[in-house]
Each structure stands twice: as structure tokens, then as C-alpha cells.
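To keep things clear, I will list the structure first and then write my remarks on it.
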Amino acid sequence: MDRIRIRGGNKLNGTIHISGAKNAALPLMIASLLTDETLTLRNVPRLADVNLLLRILRNHGADMSMDGKRAGCSVMQGETVHLTAGEIVDTVAPYELVAKMRASFWVLGPLVARCHQARVSLPGGCAIGTRPVDLYLMALEKLGAKISLDGGYVVAEAPSGLIGDRIVFPKVSVGATHTTLMAAALAKGETVIENAAREPEVADVAQCLVKMGAKIAGIGSSTMTVQGVERLHGARHDVLPDRIETGTYAITAAMTGGDVTLAGARPELLDALNEVMRQAGAEVAASKDGMRVQRNGGLLHPISVETQPYPGFATDLQAQLMALMTKADGVSTIRETIFENRFMHVQELARLGADITLHGDTAHVRGVDRLVGAQVMATDLRASVSLVIAGLAAEGDTVLNRVYHLDRGFETLEEKLKACGADIERLSD
Ligand code: UD1
């Protein structure tokens, strides 16, 4: 199993090209199941999660091909994906595939909308909480699907097709919003989705659906209205840049010091993080090709933050921010309100010398003068990268085990960091 070795202490200087957003690419690829024509997606990141989803889509009958060249790369590396689900040959999404990644559960929406039936395994994914699916099932039932549970599978049936309705989510859910939007696009009549997730990735998917012929009003707001259409057609769409990858490297630059340009980034999607970064003492500014982060000496200031649905501070950046605060000059308070068990990185950061205490959903991070390299273990996707951030600021060597978590969500992480001066390498056994 691969590991990553980091020797801390180097400042980062240079340019990092931001990849397409994993959390948009996955639902966009799933949207290809809604039409028998070709959906072409540009700027798709090369990630383990994308490869896994390609396998799942292939299992349903989608054909695919890839081409294109990625920004900053000199060779063709398959950033454009063409997906054609001419015929859905199987409406079952099996346990072996779905259990590895929660987003694969989202095929439920398009399958039941297009084929009027689906059998999808209950999901797995990062171990960051119980992550129920009640909101998905509530929404699909509202749209007229009969839902049952059978041997670990969700079975959804709507023999005469889905019918639009008013859906009020009691809690904001990104995945339930994606699923409902896709289902409603092919339902009969009007669907109103209230308390919809406003994450930019949801808006990106909605915009792609519109290109495919869907009728959606209120994109980007918490109330979206969908007029169902009989069929959707092919389209071309560019996946928006990854704001979580952007935020991760912005925090990394603040941690190590230096001057890093995040090319292709959209800083306006990171207002909550950028505000916190400025409070902490980093300089963050929009630049002509993206975003620039600088920190040259000076103490990091402690901050107080809680995670919230967009436009609040993203839970997917919580672990990274905590890593940064391990070196602040005082006590920071970080409250996690989205997932109840998203503190797996705390004990691993402690191995490097971090001083963090947990009280329920709140972490108190007392900054320390020095972190010291150690063996650490990646526990989930975002937690893993927080250990990379801490390792880059620690004295000596840090070895990160279970790197496959990182490969699920960060494209060529070591290469991007190395190009800016980080001492980091992958060790393959
Ligand atoms: C997506 C993101 C993930 C991010 C999360 C929150 C992708 C591929 N993943 O995950 O990176 O951390 O949004 O921004 O885009 N919930 C229920 N019932 C449900 C569904 C969700 O109670 O039926 C709860 C969850 O347990 C959680 C909260 O709602 O507490 C938000 O989860 P949700 O927005 O659904 O996260 P995901 O879509 O799984």
C-alpha cells in the first residue's frame, strides 16, 4: 500500500493548477444516465472516485471515452469524458460498487426517473458519521416512487413515472438535493424544492441539466422550481474548479509560509474560508488567473469557526483549518455542525504534537511552537490532507499511511506540492 513521506520546513512558492471539482464531477457524470445522448464533461479530475463511478455507470450500460489536455500538463491525460447511456441495461447498483463511495447512491434519482425503477445498495463512503438516506427517500416518495428496503438495498418503483410535488427538506443535504433535482427533471409537472443545498456544485449540476433541456428556476438559491420534461438531450459542460482543493492549498500556503497562486480558482466561492484566513494572518487576494495566498513570517492568530452549509464555512475544510490552527498563537475553537464524527484527524494530529481537546461537537486547539514528524494514518479524505498540511510544517519526517483516501479526492497532490518546493514523495511498496 502506498505511503507518503513528507519532510517539513519548506516554504511554498509557485503556482498550483486547480482541478475540476470532485463533488461536481461525480453528480455531473451521474446526470448522464438521464439521457440516451452523449454528455461531454470537460475538466474532470483524475481521481479514484471518478474511476469508481465510471465502473458503476458502465454497469448500468453507459459507454465512455476520454480525451483532452489538462492545464499545466504537457501530455494528453483524459480530462474530457464523453458519457453515453444509450440504453440502461441494468437498474441495479450493487453493494460491491456503491459501498465504497457514498455519491454512487445518487444514481437512484436518474434511474427511477428514466427507467421507473431502481435497486441501489445502501451507501458507504468516508466514516465521518452515520450519514442516513432518509431525506433522499422522503423526496422520491413525494415524487410518487414506492420505496422499500430489501436485503440492504433501496428499491424504488414508479411504474407510471414520477410526478412533481413540493418537497421541503428539514435539513440541508447536498446529495438529496442532487438526487431530487435529477429525478424532478424527468417527472411530470412541477416540483418545488425548498431548503435546497446552495453549494456551488449543486448549481453547477443544475446548469448542466438546463443545457440538457431541463427547466429549472432558482438555481443557486434555497428554493428551486423544476418543470419536468419528457426527455433530456446531450450537452457539453465544464466542471467548475474545486473550491475544496483550492481551500486546502490556500491553507497549506498559510501553514508553511510563502507565496502561492492557485490558478483557475474561483475565490468568490471561498468567502467564508478567506475571511478566516485573513483573521489568521494570511494575505488572500483574487488574482488575474485565480487566487493568491501569501504569508511571510509573523504569528498565526487563533480563530473561532463553525461549519455550516454553503455559503458558510465548509465541513470539507474543517480538518485542514484545524491543522493550521495547531501552530497558532493561542486557542482556536472549531465546531463541527454537519457531521457528528468528523474529528478522526484529532488523534493523528496529536501524534505530531498538536494540542487539541474535544468537547462534543467542538474542538479547542491550543497552538504549539513546534510540530514534530511522526508516522500517521489517513482515516478519511479530508482528514488525510490535514495530516499532509501539518507534516509540511513539522520538524523532520512524517509518513502518512493509507494514502488511498487521498487519491480519492486530490489529483496528483504530491506533484502539485513538490512543484512549489515541498519535500514530499510517494513511497510504493
Ligand atoms: C456532500 C459532499 C461532502 C460534504 C457534504 C456536506 C459530495 C460527493 N460529497 O456529501 O464532501 O462533506 O456534502 O457539505 O458532494 N443527512 C441526513 N439524511 C439524509 C442525507 C443527509 O440526515 O438523507 C445529513 C448527513 O448525515 C449530514 C448532513 O445531512 O449530517 C449533510 O449531509 P449531505 O449534505 O447529504 O452530505 P453528502 O451529500 O453525503
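Since this is a predicted model, take the numbers as computed values, not measurements. All ligand and atom numbering here is 1-based and tracks the order in the structure.
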Indicate, as side chain, backbone, both or neither, the part of [X] found under 4.0 angstrom from ligand 1 when only non-hydrogen atoms are considered.
X    : result
V172 : backbone
D134 : both
L135 : both
M138 : neither
K171 : side chain

Return a yes/no value for R382: is any of its N or O atoms, backbone included, closer than 3.5 angstrom to an N or O of ligand 1?
-> no
With R198 as the cation and Y310 as the aromatic partner, state whether NZ or CZ is under 6.0 Å from the six-membered ring centre and within 45° of the axis.
-> no
Does even one non-hydrogen atom of P132 get within less than 4.0 Å of ligand 1?
-> yes
Sub-4.0 Å heavy-atom approach of W106 to ligand 1 = yes
Apply salt bridge (charged side-chain N to carboxylate O under 4.0 Å, His left out) to the pair R102 and D49, showing each step before the final yes or no.
-> CA-CA 10 Å; R102 183 172 171 87; D49 274 9; over 6 Å; no
Among R382, R266, K416, find the one that has a salt bridge (charged side-chain N to carboxylate O under 4.0 Å, His left out) with E245.
-> K416
In this structure, which one of R342, K22, R243 forms a salt bridge (charged side-chain N to carboxylate O under 4.0 Å, His left out) with D316?
-> R342
Using a strict cut-off of less than 4.0 Å between a Lys/Arg side-chain nitrogen and an Asp/Glu carboxylate oxygen, indicate whether D67 and R42 qualify as a salt bridge.
-> no
